[in-house]
Protein chains: 2
Amino acid sequence: MTDVVIRSAVADDLPAIVAMLADDPLGATRESPDDMTPYRTAYERLRTDPDQFLMVAERGGAVVGTLQLTFVPGLSRRGSTRSIIEGVRVAGSERGRGLGQHFIEWAIEESRRQGCSLVQLTSDATRTDAHRFYERLGFTASHVGFKLQLTTSD
Amino acid sequence: MTDVVIRSAVADDLPAIVAMLADDPLGATRESPDDMTPYRTAYERLRTDPDQFLMVAERGGAVVGTLQLTFVPGLSRRGSTRSIIEGVRVAGSERGRGLGQHFIEWAIEESRRQGCSLVQLTSDATRTDAHRFYERLGFTASHVGFKLQLTTSD
């Protein structure tokens, strides 16, 4: 993975990131790559929030992966800060080549470096391939993830 | 629930909050109420983070519940902001009296008011009573929650 650069996303990366979010069985129904306005608004909020790290993986000048790493301070577990990984996507052309593992390992190391005691994520119950992937990387499927939709737009 | 006040936690609430975190089958092994230092450090970070809301429920001047509500902006789902509920505890004397439901409903309404499209939380797979509780409140157990411990201190 010496030819892969992991870096913070910039505004010019947004079309590539949104295309990856939409190129997914679940994302296809949730995203609207033809209208970038809500993504640009959200990006501004992410960019200015010191706990949010919207990252991309780049290979040969092309954006081929994205994830969001969030740091959440808390009182539980003796005042631990935990990190949350969300929105993990790897471009179709890159799947099966180890990029996902490299990217998640980067997120784990960055969380350790920032003093987190725990990394967590939730994965849709239908994504069984993803579950095996996270278990191989050392994660434990110890929790049930509950969601409550507040809007009908997605 | 007209006699219950839900408000932001202040530093003087920390001993009562930590006592509730520790008074729990899982929390008992994770918390150290005899040493408040790490909790005070974490509280300062929570207090100054505009995305973090450490809340308490108070009845008759006593702190009888706590939860942490975190707002997480993101690109997924057309630039949605989601909220995450963590660290939910109700004092033993109050359990079964509807306080937990009242408190979670407050968190849902606050999330809606702040423009979130989704409320999410994870619950340890062993907390089956909690799972029924969240499903009664409209949550769907649609995800698997993965955790990776980075330290051995808890």
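As a basis for the values below, the full set of heavy atoms in this structure was taken, side chains included, without hydrogen atoms, waters or symmetry mates. Below, chains carry the letters A, B, ... as their sequence lines are ordered, and counting in each starts from 1.
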Residue pair A:R127, B:H143: steps toward the side-chain contact (heavy atoms from CB on, under 4.5 Å) verdict: CA-CA 9 Å; A:R127 298 193 197 268; B:H143 284 62; over 6 Å; no

- request: Mind jotting down which residue pairs meet the salt bridge (Lys or Arg N to Asp or Glu O under 4.0 Å) criterion with at least one end in residues 57-68 of chain B? Sequence neighbours excluded, please.
  value: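 Non-adjacent pairs meeting salt bridge (Lys or Arg N to Asp or Glu O under 4.0 Å): B:D3-B:R59, B:R7-B:E58, B:R59-B:E94.
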
So, for [X] and [Y], which heavy atoms are closest and what is the spacing to 0.1 Å?
{"X": "A:V144", "Y": "B:A125", "result": "CG2-CA, 4.3 Å"}
{"X": "B:S123", "Y": "A:F146", "result": "CB-CE1, 4.0 Å"}
{"X": "A:T122", "Y": "B:Q120", "result": "OG1-NE2, 4.4 Å"}

message: Quick one, A:L150 with B:V119, criterion side-chain contact (heavy atoms from CB on, under 4.5 Å). Give me CA distance, side-chain angles, the key distance, then yes/no.
response: CA-CA 7 Å; A:L150 296 183; B:V119 184; 3.7 Å; yes

Cluster question for you: counting only ILVMFWY and a side-chain heavy-atom cut-off of under 4.5 Å, with indirect links fine, are [X] and [Y] together?
{"X": "B:M20", "Y": "B:M36", "answer": "yes"}
{"X": "B:V90", "Y": "B:V18", "answer": "no"}
{"X": "B:L99", "Y": "B:V56", "answer": "no"}
{"X": "A:Y39", "Y": "A:V10", "answer": "yes"}
{"X": "B:V4", "Y": "B:F103", "answer": "yes"}

For [X], is it the side chain, the backbone, both, or neither that has a heavy atom closer than 4.5 Å to a heavy atom of chain B?
{"X": "A:T37", "value": "neither"}
{"X": "A:D35", "value": "neither"}
{"X": "A:L21", "value": "side chain"}
{"X": "A:R82", "value": "side chain"}
{"X": "A:E31", "value": "both"}
{"X": "A:I17", "value": "side chain"}

message: Report, in residue-number order, which members of residues 61-73 of chain A are under 4.5 Å from chain B by heavy-atom distance.
response: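 If one takes a 4.5 Å heavy-atom cut-off, the residues of residues 61-73 of chain A near chain B are A:Q68, A:T70, A:F71, A:V72, A:P73.
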
statement: Most heavy-atom pairs under 4.5 Å with chain A, out of B:G87, B:G74, B:C116, B:P38, belong to B:G74

Which one of [options] has the most heavy-atom pairs closer than 4.5 Å to chain B?
{"options": "A:T41, A:D49, A:T126", "value": "A:D49"}
{"options": "A:A141, A:G138, A:A42, A:A130", "value": "A:A141"}
{"options": "A:L46, A:L137, A:I84", "value": "A:L46"}

- request: Give the intermediate values and the outcome of side-chain contact (heavy atoms from CB on, under 4.5 Å) for residues A:F139 and B:K147.
  value: CA-CA 5 Å; A:F139 285 84; B:K147 310 251 172 180; 5.7 Å; no

query: Taking C-beta and beyond as the side chain, do A:I108 and B:L148 meet within less than 4.5 Å on heavy atoms?
result: yes

message: Can you tell me which portion of B:L54 sits under 4.5 Å from chain A's heavy atoms? Options are side chain, backbone, both or neither.
response: side chain

task: Please assess A:R45 against B:T81 for the test side chain to side chain donor-acceptor pair (under 3.5 Å), listing each intermediate value before the final yes or no.
output: CA-CA 10 Å; A:R45 184 161 171 196; B:T81 294; 3.3 Å; yes

